[in-house]
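In what follows, a single structure is set out as structure tokens and then discussed.
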Amino acid sequence: MGNQQRFDIDETRAGQSEQPSRTIFRTPSARRRRWLAGAAAILAGALIAYPIFDPADSRARERRAATSTPGNPLADLSDLFRDITVHETMAVVGPTLPPLNLPASIEQIVKVKAGSTVMNALLDVGFDRSDAHNAVSVLASLFDMRSVPAGQPVTVTMTPKVGKDAPSLIAVSLKVSPEKEVIVRRGDKENFVPETVETPLEQGFARAAGTIDDSLYMAAQRANVPELVIMEMIKMFSWDVDFQRDIQPGDKFEVMFERYHDDSGDAVKLGNILFASLTLSGTEYRLYRHTMKDGTVDYFNQSGDSVKKALLRTPIDGAKLTSGFGARKHPILGYTRMHQGVDFGAPAGTPIMAAGDGVIEKAGINSGYGNYVAIRHNGQFTTAYAHLSRFGKGISAGRRVRQGDVIGYVGATGLATGPHLHYEVLENNRQVNPTGVKLPTGVKLKGSDLAHFAAARAKMELQMASTPALPTKTAQNNRQ
């Protein structure tokens with residue numbers, strides 16, 4: 001055969017002494033490799049149909065014996081390949097590895113830990129710091145990342161992690177409100193592209209009513225009124241109602257407010273209070289939300305008078321009047337002197353609100369008053385707040401505040417026997433009784449403005465009449 005290499009297979013022949021097969025391993029020629037490749041393909045097909053090469057399967061051995069007849073190509077192939085080694089088969093067809101059935105991308109939801117950031121949440125997953133920084137920087141162009149609360153879910157899309165390689169960041173998304181989602185996705189140039197997805201919500205209305213047996217807050221809770229709506233309702237009426245003395249068992253309330261639903265019909269967002277009423281000792285007080293022609297929004301009574309006064313009657317929620325205006329024996333000094341304000345007993349740390357719009361004249365320690373804040377509202381009225389445990393954020397002399405802003409928290413600093421708020425109203429720099437001072441009223445609608453309000457009020461009352469009241473918690477429990 002000249003210089004052509006030989007590929008010999010010694011077989012054990014019938015009639016010869018049985019010796020172990022001996023194989024000479026030589027590199028097969030190109031022609032021989034092509035032949036073996038074709039034979040291997042035929043054998044593969046045969047193995048699928050006739051599993052005769054499984055020595056552990058007795059049934060397969062029986063089928064092999066049954067098919068070993070002259071002229072049977074399957075039997076010939078069995079004889080031919082019985083002694084071909086694994087080495088030679090691998091040289092012809094190569095090794096076969098199982099496919100890696102990995103998804104192109106996967107999603108994972110992580111949450112921002114208390115005191116942490118979205119950036120740290122991404123790093124905790126294992127993303128490259130540069131990728132995480134670039135993604136967060138683009139997100140910051142869509143949303144104030146400093147306002148992301150603890151526990152905020154963050155959805156990240158990434159490539160699967162293979163071995164020790166870090167996953168590659170594909171997209172990051174945050175649901176920043178029920179109707180808004182901000183997203184950044186990796187673009188064609190490996191940069192991150194911002195996107196905002198707006199989901200329209202359907203406006204609905206909810207109405208609740210109940211009888212007050214203890215407090216407005218507790219009665220509204222039993223009627224399934226959300227807490228934010230309850231607090232807003234208290235604020236609306238706080239101009240004219242002293243919630244410690246004016247509310248009696250048997251009084252009633254009613255409220256209608258906006259509620260927004262998603263595609264699934266779930267209530268996901270609260271809107272504004274449109275109407276609220278209190279019936280106190282048989283007298284009904286009704287308030288309506290109304291937008292004036294100049295865009296100003298306020299609450300008005302049935303006559304078109306704005307509920308808003310220059311000063312709140314009580315600058316603290318849920319407090320009890322513990323000491324009135326006038327002469328009294330001082331609990332610490334021991335002698336009688338003029339008490340030039342009123343005291344509201346409340347737990348330490350209870351927020352204290354600015355009674356009206358104005359400019360802070362003083363915020364600091366003031367002798368027996370302890371921590372003290374004074375607010376000038378106009379040329380006529382000033383209010384003062386004493387014995388604070390601490391001041392509100394950013395409260396300092398010269399700062400302008402709006403009615404309802406938190407200026408401090410109840411405490412017992414200075415000459416105080418326990419936590420309470422000492423509240424003063426000064427008219428023309430002279431202390432007056434905060435519970436008896438006649439406060440100036442707000443806007444009074446007239447002419448076309450009053451006619452426009454009357455039409456809007458009638459439409460609102462029709463809507464209220466067609467809106468069923470929410471079930472009370474007692475009624476819900478009875479159905480369960």
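All values derive from a computational prediction rather than experimental measurement.
Within the structure, salt bridge (Lys or Arg N to Asp or Glu O under 4.0 Å) pairs that include any residue of residues 123-151 comprise Lys113-Asp124, Asp131-Arg186, Asp144-Arg146 (at least two apart or interchain). Annotation: salt bridge (Lys or Arg N to Asp or Glu O under 4.0 Å) contacts involving residues 380-390, sequence neighbours excluded, are absent. Within the structure, the salt bridge (Lys or Arg N to Asp or Glu O under 4.0 Å) test picks out the following pairs touching residues 401-424 (sequence neighbours left out): Asp357-Arg402.
In this pair, His387 and His420 present their aromatic rings tilted. The plane angle is within the 30 to 60° band.
Heavy-atom neighbours of Asn429 CG from other residues, nucleotides or ligands within 6.0 Å: at or below the threshold of 12. Within a 6.0 Å sphere centred on CD1 of Ile365, heavy atoms belonging to other residues, nucleotides or ligands number 12 at most. The number of heavy atoms from other shown groups lying within 6.0 Å of CG (Asp294) is above 12.
Ring centroids of Phe257 and Phe205 are separated by 6.0 Å or more, keeping the two rings apart. Annotation: Tyr385 is not in aromatic contact with His422 [ring centroid separation under 6.0 Å not met].
Proximity of a side-chain donor or acceptor of Thr467 to a complementary backbone N or O of Arg207 within less than 3.5 Å is not detected. No donor-acceptor pair under 3.5 Å is formed between the side chain of Thr383 and the backbone N or O of Ala355. No side-chain donor-acceptor contact under 3.5 Å links Asn366 to the backbone of Tyr369.
Contact check for Lys235 versus Met353: no side-chain heavy atoms found under the 4.5 Å cut-off. Using a 4.5 Å heavy-atom threshold, the side chains of Met292 and Leu445 count as touching. Using a 4.5 Å cut-off on side-chain heavy atoms (C-beta onward), Asn301 and Val307 make no contact.
Ile395 CD1 to Asn371 CG: the interatomic distance, rounded to the nearest 0.5 Å, is 13.0 Å.
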side-chain hydrogen bond (donor to acceptor under 3.5 Å, both in side chains) for Tyr260 and Glu179? Distances and angles first, verdict last. CA-CA 10 Å; Tyr260 293 86; Glu179 68 272 29; over 6 Å; no
Could you give me the CA-CA distance, side-chain angles and deciding distance for Lys293 and Ser448, then say whether side-chain hydrogen bond (donor to acceptor under 3.5 Å, both in side chains) is met? CA-CA 10 Å; Lys293 290 182 178 179; Ser448 61; 3.1 Å; yes
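Judged as a side chain to side chain donor-acceptor pair (under 3.5 Å), and not counting sequence neighbours, the contacts of Asp298 are Ser306.
Closest non-hydrogen pair, Gly187 versus Val193, comes out as CA-CG2, 4.1 Å.
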Just list the side-chain donor-acceptor pairs under 3.5 Å for residues 195-203, sequence neighbours left out, or say none.
| from | atom 1 | to | atom 2 | distance (Å) |
| --- | --- | --- | --- | --- |
| Glu195 | OE1 | Arg185 | NE | 3.0 |
| Gln203 | NE2 | Glu258 | OE2 | 2.9 |

Pair up each side-chain donor or acceptor in residues 451-461 with any protein partner under 3.5 Å, not counting sequence neighbours, and list the distances.
| from | atom 1 | to | atom 2 | distance (Å) |
| --- | --- | --- | --- | --- |
| Arg457 | NH1 | Gln302 | O | 2.8 |
| Glu461 | OE2 | Arg286 | NH2 | 3.4 |
| Glu461 | OE2 | Tyr288 | OH | 2.6 |

